[in-house]
Amino acid sequence: MTDSAKPTLLVVDGHSLAYRAFFALPVDNFSTKDGQHTNGVYGFLSMFVNLIKAEKPTHLAVAFDTSRQSFRTREYTEYKANRSESPAEFRGQIPLLQDCLAAMNVTVLQKEDFEADDILATLATQGAEAGFDVLVCSGDRDTIQLVNDDITLLYPSVQGVSQLKRYDPAAVIEKYGLPPENYPDIAALVGETSDNLPGVPKVGEKTAVKWLTQWGTLDALLENADKIPGVVGGNLRDHLEDVRRNRRLNRLLRDVELPVGPVDLAVQPIDAQAVREIFARLEFRTLLPRVFEASGIVADEEPAAPTVALPASRSLTPAELADWAAAATGEVGVTVTIEGGLPARIGLATGDEAVEATWTPDAAAALAPWFASAAPKVFTDAKPQVKALGRAGVRVDGLAFDLLVAGWLLRPSFPDKSLADLVDRYLGEKLPEADPTQLVPETEGATPGQLSWFALRVATALRGELPASVATVLTDIELPTLLALADMELAGVAVSHEKLSGFSGELSARADAIARDAFAAIGREVNLGSPKQLQEVLFEELQLPKTRKTKTGYSTDAAVLADLQESHPHPFLDLLLQHREATKLRQIIDALDLAIGADGRVHTTYVQTGSQTGRLSSTDPNLQNIPVRTQESRRIRAAFEVGADHESLLTADYSQIEMRIMAHLSEDPGLVEAFNSGEDLHRFVGARVFGVEPAEVTPAMRTKVKAMSYGLVYGLSAFGLSKQLRIEQSEAKQLMMEYFARFGAVRDYLRSSVEQARIDGYTETIFGRRRPFPDLASPNRVLRENAERAALNAPIQGSAADIMKIALFRIHHEFAAEGLRSRILLQIHDELVVEVAEGEWDAAERIVRDRMGDAAALSVPLDVQIGRGANWDEAAH
DNA sequence: GTTTGCACGTA
DNA sequence: CGTACGTGCAAACA
């Protein structure tokens, strides 16, 4: 912009334009994968970005209506009364749109009792007076009255939101035959059906313009109404009051009191990170570069973060560092950088001082006592550092805080990934980072000591946000668990390469043979691993009936293939299923084999922040989904063996822990009795539901109530139950009714827990772990119902996770305290795998059984099943 | 080269 | 139209 050019103020009616976009764009193409509709948001932003690129405003604001009520509805209750309620699917998008605009640092204005157009009128008028070129963008025709030499209207044409027609005074005269200030007079005479403002019958634009041209003003026309000839003249005389009322209502207010004026609306650089985040959430991809590109408004640079006086980090010798640590009072921030799995540098910090040293064997010896002490330590991501220290022979205790774990507990849906994220979110500052694209970085990254200093400050900020119950979960469950997990990962589990490689070869040969037969069955070769090619074969060449729809076509998953085989038997179907099974197993085996380390053991990584419910997840490789269901697949489990220096594997699992938690939470007398009776759960429940003696419960009955019981925990519907059991929906409904007739408190509990979550906005486990559920209030049914099922499940699955974690770290602790060499190797949600050292079986078994059994005091007992064997398969029971 | 969708393994 | 995960492949995208 040159100095001589006038600044340009662009004011936009967010509501009317988003509404047009909502109807213009197909919702199917604009929904997130969990069902949130985004077509209105997308359409608006797309238009908005084009607008900014084209007009390059220097000042900018978007106005919204607050509700349907305004001073106009009070004056005339019928105002806009004919408008049907805007669809909930649209209303739900407005807050999302406002979030996007906030991330783009665009001023959003709305005011109770006024419409967006009144805000536009006020800003436009003030802007014109202050010497701006003003652009008004609105889909409401009443804004035509604002047009003058300084104010131009951009009005979406009927073709679509992207086509904006420019109205300057000349354009208005060309279209309506009168200057802009007269437009409301025309509209008052003609009426506005969309606002429910009836005009003079039989009077359209032509007549209105003719009259106004003849009489000069609306007042003159109305005063001389008795001189108008013909039927329309009579109509005018009959509707004088309507016309006066219309004129009052369609006059936009130009003096609404606003917190800002035009000069306050200077375009701000966007918050690039915030935009990235919300666009990722809304699954907008192509829009991101367009927003970044749009000139005038955006800067792709990070916003200037407040500069903070970083303490210099003093480099010390290991001995000096150890002395410094020993002398420190209060919490110490710790950062251990890792190279090749071992500590490389170590930085420590208190609130006002940062120090660091290079890791050496001397450092290990000097610092070991401090690390093993109860002196409180704050880490950003403790587990890998604790492991590196462990490899160097340094044990860690006194873990007081872990930023990643704490951040995850606070917001389990969007766990922060790094200290930089946390510094940004909780301190609003920018962590100095070396430019990774520069071989010789121009900007220095923070040193380990400085990182520790930041970590300590973030910890303070984060603590302030943690509710008491969540802080307790962190201290009493998560942090002790973290230390136990570090040891489990270091230990790894012995896996036999010999057993695996033999099996892999077998499966390869089998898969090839099956593939040949499958190709013969259809007369050509296809890629059996390609769903797309399979669809061609099944639904076009073999003419099999279309199955369940997916996003890209029709499903070919195992359940669908089994159904097809029943209704339209074809040898290809069965061969395909067999091929899938063989290749899947081989794939798992090969991946596992590849993961065996030089020590003959597989070391997984447990992701403590990997779930929304409190469970762990396992990666590289995932050892929580090793097959178990089929005879064949157990050969894989048989390859998980006791290590050479130990005696046997012990497996321990909770039986029906989630049902027990449900019994505890619901206090259902029937269910509580079931668990206290010692009878098989499903037999007991089956006897109640079907009104027979436990001994008379048939396998079919047991299967049904078992599916129902497990389904309950997941928010199962009659439809889902019927599908699972392959029974009629009516029968499923009947089964649910019988079930709830006997176990009504279960249903009451499930219902009330979702209702409570709707009120609180989050669910809570027995131990106080929280999970937020904003979507319980969503107007989008798919979204809301998904949230309801997840909210129903979260306290149950989460409490089970809490209980297992408590048992886990207590066992880990007790093994050490009793000086045992036995150790926990794996956790698979409700199961532990323990490697028992020679002569320690009885002690280990006792500890595992007791600590799992008494991890929580519920109103029903926690039942623990234990098995023993030389490998995981044998140890199962 | 990266991302997405499908399919499938576990609790 | 049943919760919570991670992985590998093919296909689509850049």
Side-chain angles (χ1 to χ4, degrees), chain A residues 33 35 280 283 285-286 289 412-413 526-535 547-561 576-577 579-581 583-592 594-595 604-607 609-630 632-633 636-637 653-659 662 707-725 729 732 736 750 763 771 781-782 785-798 800-801 804 826-832:
Chain A
K33 58 175 175 287
E283 298 172 16
R285 281 170 285 275
T286 52
S413 22
V526 293
N527 184 343
L528 295 174
S530 162
K532 191 162 173 264
Q533 295 181 34
L534 288 175
Q535 286 174 46
T547 57
R548 177 170 60 84
K549 268 193 182 156
T550 67
K551 227 170 190 174
T552 52
Y554 297 91
S555 171
T556 66
D557 72 18
V560 155
L561 294 181
L576 176 56
L577 283 169
H579 185 263
R580 284 237 179 102
E581 197 180 333
T583 49
K584 180 79 183 174
L585 275 188
R586 184 174 56 89
Q587 174 208 316
I588 291 170
I589 290 164
D590 291 350
L592 196 56
L594 219 59
T604 185
T605 302
Y606 289 104
V607 184
T609 57
S611 80
Q612 307 217 27
T613 52
R615 277 189 175 184
L616 303 174
S617 75
S618 157
T619 64
D620 298 314
N622 180 356
L623 294 186
Q624 290 181 321
N625 70 344
I626 300 301
V628 67
R629 294 187 205 280
T630 65
E632 291 253 272
S633 67
I636 302 180
R637 293 211 165 201
D653 61 56
Y654 282 120
S655 56
Q656 298 130 356
I657 187 167
E658 294 188 341
M659 283 297 287
M662 205 158 67
M708 168 90 200
S709 290
Y710 277 105
L712 277 180
V713 180
Y714 303 142
L716 184 72
S717 64
F719 177 88
L721 187 62
S722 72
K723 223 172 149 165
Q724 150 109 26
L725 291 172
Q729 245 191 88
M736 291 181 82
L750 292 171
T763 58
R771 175 173 172 190
R781 204 184 65 170
V782 175
E785 289 180 349
N786 286 342
E788 283 169 355
R789 286 190 298 275
L792 181 143
N793 172 263
I796 301 168
Q797 191 184 118
M804 180 49 110
L826 303 176
Q827 188 260 40
I828 309 98
H829 307 307
D830 63 1
E831 173 184 4
L832 293 179

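Letters A, B, ... are given to chains in the order of the sequence lines, protein chains preceding strands, and every chain is numbered from 1.
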Exercise. Which part of the nucleic acid, if any, lies within contact of K551(A), taking any heavy atom under 4.0 Å across all strands shown: a base, the sugar-phosphate backbone alone, or nothing?
Worked result: sugar-phosphate
Exercise. Which part of the nucleic acid, if any, lies within contact of Q587(A), taking any heavy atom under 4.0 Å across all strands shown: a base, the sugar-phosphate backbone alone, or nothing?
Worked result: sugar-phosphate
For this session: Look at all strands and tell whether R789(A) reaches a base, only sugar-phosphate, or nothing, counting heavy atoms closer than 4.0 Å.
Result: sugar-phosphate
For this session: Measure from the side-chain N and O atoms of N786(A) to the backbone N and O of V782(A), and report whether any donor-acceptor pair falls under 3.5 Å.
Result: yes
Problem set entry | N/O (side chain, T619(A)) to phosphate O (OP1/OP2, dG6(C)) under 4.0 Å | no
Problem set entry | Side chain of P627(A) - closest among dA4(C), dT10(B), dC8(B) | dT10(B)
Exercise. Which part of the nucleic acid, if any, lies within contact of N527(A), taking any heavy atom under 4.0 Å across all strands shown: a base, the sugar-phosphate backbone alone, or nothing?
Worked result: sugar-phosphate
Problem set entry | OP1 or OP2 of dC5(C) under 4.0 Å from side-chain N/O of S618(A) | no
Seminar exercise, completed: E581(A) atom CD is separated from dC9(C) atom P, nearest whole Å, by 18 Å
Exercise. dC6(B) P sits how many Å from K549(A) NZ, rounded?
Worked result: 13 Å
Exercise. Reckon V628(A) touches a base, only the sugar-phosphate, or nothing at all at heavy-atom distances under 4.0 Å?
Worked result: sugar-phosphate
Problem set entry | Under-3.5 Å donor-acceptor pair between Q797(A) side chain and dT3(C) base | yes
Exercise. So what does A591(A) hit on the nucleic acid, given a heavy-atom distance under 4.0 Å: a base, only sugar-phosphate, or nothing?
Worked result: sugar-phosphate
Exercise. Would you say S722(A)'s side chain and A732(A)'s backbone share a donor-acceptor pair under 3.5 angstrom?
Worked result: no
Exercise. Hey, does the side chain of Q612(A) reach the backbone of R771(A) with a donor-acceptor pair shorter than 3.5 angstrom?
Worked result: no
Exercise. Within the side chain of R637(A), is there an N or O that forms a donor-acceptor pair under 3.5 Å with the backbone of P627(A)?
Worked result: yes
Exercise. Between dC6(B), dA4(C), dT10(B), which one does the side chain of S611(A) approach most closely?
Worked result: dA4(C)
Exercise. Salt bridge or not for E658(A) and R615(A), using N-O below 4.0 Å?
Worked result: yes
Exercise. So, does the side chain of R615(A) form a donor-acceptor pair with the base of dA11(B) at under 3.5 Å?
Worked result: yes
Problem set entry | Whole angstrom value for the distance that separates C1' of dG6(C) from CG of L592(A) | 14 Å
For this session: For Q533(A), answer base if it contacts any base atom (sugar-phosphate contacts may also be present), sugar-phosphate if it contacts only those atoms, and nothing otherwise; contact means non-hydrogen atoms under 4.0 Å.
Result: sugar-phosphate
For this session: Let me know the distance between CD of E788(A) and C1' of dC1(C), rounded to the nearest Å.
Result: 13 Å
Exercise. Given dG5(B), is OP1 or OP2 found less than 4.0 Å from the side-chain N or O atoms of T552(A)?
Worked result: no
Exercise. Could you state the CG-P distance from L576(A) to dC6(B), rounded to the nearest angstrom?
Worked result: 17 Å
Problem set entry | Separation of atom NE2 in H829(A) from atom C1' in dC5(C), rounded to whole Å | 6 Å
Exercise. Sub-3.5 Å donor-acceptor pair from the side chain of T604(A) to the main-chain atoms of P621(A), do we have one?
Worked result: yes
Problem set entry | Nearest-nucleotide pick for A790(A), side chain only, options being dT3(C), dG9(B), dG2(C) | dT3(C)
For this session: May I ask you to verify if any side-chain N or O of R629(A) is less than 4.0 angstrom from the OP1 or OP2 atom of dA11(B)?
Result: yes
Problem set entry | Base dG9(B) paired with Q624(A) side chain (donor-acceptor, <3.5 Å) | no
Exercise. So what does G711(A) touch, heavy atoms closer than 4.0 Å: a base, only the sugar-phosphate, or nothing?
Worked result: base
For this session: For E831(A), report the nucleic acid contact type (base, sugar-phosphate, nothing); a contact means any heavy atom under 4.0 Å.
Result: nothing
Exercise. Is the side chain of Y654(A) donor-acceptor paired with the backbone N or O of A800(A) at a distance under 3.5 Å, no angle test?
Worked result: no
Seminar exercise, completed: Atom CG of N786(A) and atom P of dG2(C) are separated, to the nearest Å, by 9 Å
For this session: Among dA11(C), dT7(C), dA4(C), find the nucleotide with the atom closest to the side chain of S530(A).
Result: dA11(C)
For this session: Could you tell me whether S633(A) contacts a base, only the sugar-phosphate backbone, or nothing, with contacts defined as non-hydrogen atoms closer than 4.0 Å?
Result: nothing
Problem set entry | Sugar-phosphate, base or nothing in reach of I626(A), heavy atoms under 4.0 Å | sugar-phosphate
Seminar exercise, completed: To the nearest angstrom, the CG-P distance between D830(A) and dA4(C) comes to 17 Å
For this session: Would you mind classifying the nucleic acid contact of R771(A) as base, sugar-phosphate or nothing, using non-hydrogen atoms under 4.0 angstrom?
Result: sugar-phosphate
Exercise. According to a strict under-4.0 Å criterion, is T613(A) in side-chain N/O contact with OP1 or OP2 of dT3(C)?
Worked result: no
Exercise. At under 4.0 Å between heavy atoms, what does A718(A) touch on the DNA or RNA strands: base, sugar-phosphate, or nothing?
Worked result: nothing
